[in-house]
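A short worksheet on the structure shown next.
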Amino acid sequence: MALIVQKYGGTSVANPERIQAVATKVKSARDQHHDIVVVVSAMAGETNRLIELAKTMQPCPRPRELDVIMATGEQVTIALLALALEHINCPACSYTGFQVPITTDSAYGKARIKDIAVAKMRADLAAGKVVIVAGFQGIDALGNITTLGRGGSDTTGVALAAALKADECQIYTDVDGVYTTDPRIEPRARRLDRITFEEMLEMASLGSKVLQIRSVEFAGKYNVPLRVLSSFTPGPGTLITLEDQQVEEVRIAGIAFSRDEAKLTVLGVPDRPGVAYGILGPIAAANIEVDMIVQNIAPDGSTTDLTFTVHRNDYQRAFEILQANANKLGSREISGDNRIAKLSLVGVGMRSHAGIAAKMFASLAKEGINIRMISTSEIKISVVVDEKYLELGVRTLHDAFELDRQDVNN
Ligand code: ASP
Ligand code: MG
């Protein structure tokens with residue numbers, strides 16, 4: 001008998017019929033004598049509707065009141081699910097975040113969980129009930145209602161699993177697991193049986209948005225085994241865990257990519273200490289996040305070129321900041337390109353296998369794809385290419401590393 005936290009997202013509880021289907025799934029897990037704690041999101045689209053409703057009163061609703069409004073979405077689904085379970089003879093009890101209570105800091109709209117009281121949940125489980133908790137919400141030390149940021153029910157699920165020392169946290173969603181890459185680009189993309197927390201973070205932050213990133217960080221920190229599964233198609237899903245011997249065999253987990261990139265280059269700056277700070281300081285001060293950075297020194301050592309990437313939405317602003325600084329920096333020219341994309345190969349196996357970067361570059365070269373920038377970390381190699389090569393690049397790498405083959409990878 002295990003203690004399992006199951007989290008169902010908005011599409012899984014989108015209407016009464018789907019909530020009844022969730023109840024059936026929960027009951028069948030309960031019938032296998034597992035202790036079940038369920039976390040639910042609001043019905044699909046509901047949180048957006050509530051935000052729009054708030055905006056009819058104030059264009060920028062005061063965060064405290066907005067959280068009060070947003071938290072109602074999940075309050076509806078927990079009670080509906082409790083009723084649905086009782087109707088099929090499965091005793092259940094629902095709790096809002098403040099009833100548990102789930103204590104957070106006071107950062108409305110992006111609150112962080114500080115503490116979860118487990119006594120009531122433990123008593124209900126001991127009495128044979130299914131416990132249902134509203135995702136995405138908590139209460140601060142002063143009794144104000146808070147929310148955890150969009151997609152925050154994932155974090156509620158993981159945090160409850162950590163607090164209850166659950167055997168597994170299952171995230172039910174509309175995809176049946178984590179894939180080697182986006183199947184819309186590479187139809188041969190394959191569902192991974194397992195992936196490490198670290199790899200998942202790289203895949204998620206690079207655009208494979210299956211889970212709220214914060215929930216994966218949380219799961220990694222507290223070592224909560226996390227499983228992503230479909231609410232609609234049965235299957236084992238993808239297990240996200242710490243690295244182990246088995247995973248060591250996996251050389252590459254997948255290919256992440258992002259289209260929302262732009263790069264800027266400052267050419268011919270006199271090379272002296274403080275140049276990088278002179279260029280990037282004002283960018284940081286404007287709250288623009290910089291991703292890759294490459295610096296080249298001229299052959300005679302007198303000047304340097306510095307190239308960096310930013311989110312495409314920040315391109316214009318970054319360009320203007322560089323231009324405003326051009327005189328002070330003594331740069332010869334400023335250039336930029338906002339039609340670029342980033343491709344990243346991700347895998348813990350890179351740590352122990354040489355030659356992966358060479359293979360990656362060779363396969364891109366064979367297709368005539370020019371690499372404009374490169375950056376690496378322990379478990380990731382990223383390249384910047386022209387946007388028009390994104391799809392071809394993803395398919396080329398998927399093919400080169402045989403990611404469609406179960407026996408080669410995982
Ligand atoms: N209902 C919230 C949202 O739409 C939280 C969640 O679904 O995880 O962001
Ligand atoms: Mg979600």
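For ligands, and for the atoms within them, numbers begin at 1 and follow the listed sequence. None of these values were measured; they are calculated from a predicted model.
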Say whether T155 and Q212, considering side chains only, have a donor N or O and an acceptor N or O under 3.5 Å apart. yes

Assess, by modelled atom type and distance only, whether the side chains of D67 and T147 contain a donor and an acceptor separated by less than 3.5 Å. yes

Are any of the side-chain nitrogens in E261 or R372 under 4.0 Å away from the carboxylate oxygens of its partner? no

Judging by distance only, is a nitrogen or oxygen of R150 under 3.5 angstrom from one on ligand 1? yes

Which bit of E74 gets closer than 4.0 Å to ligand 1, counting heavy atoms only: side chain, backbone, both or neither? side chain

For G152, is the nearest heavy atom under 4.0 Å from an atom of ligand 1? yes

Checking the N or O distance criterion of under 3.5 Å, is ligand 1 in contact with T47? yes

Would you mind listing which atoms of ligand 1 come within a distance below 4.0 Å of any non-hydrogen atom of S41? 6 (C), 7 (O), 8 (O)

Pick one: which of V5, L226, L229 meets side-chain contact (heavy atoms from CB on, under 4.5 Å) with I171? L226

Can you tell whether the side chains of K55 and E52 come within less than 4.0 Å, N to carboxylate O? yes

Does ligand 1 have any atom sitting under 4.0 Å from a heavy atom of G151? yes

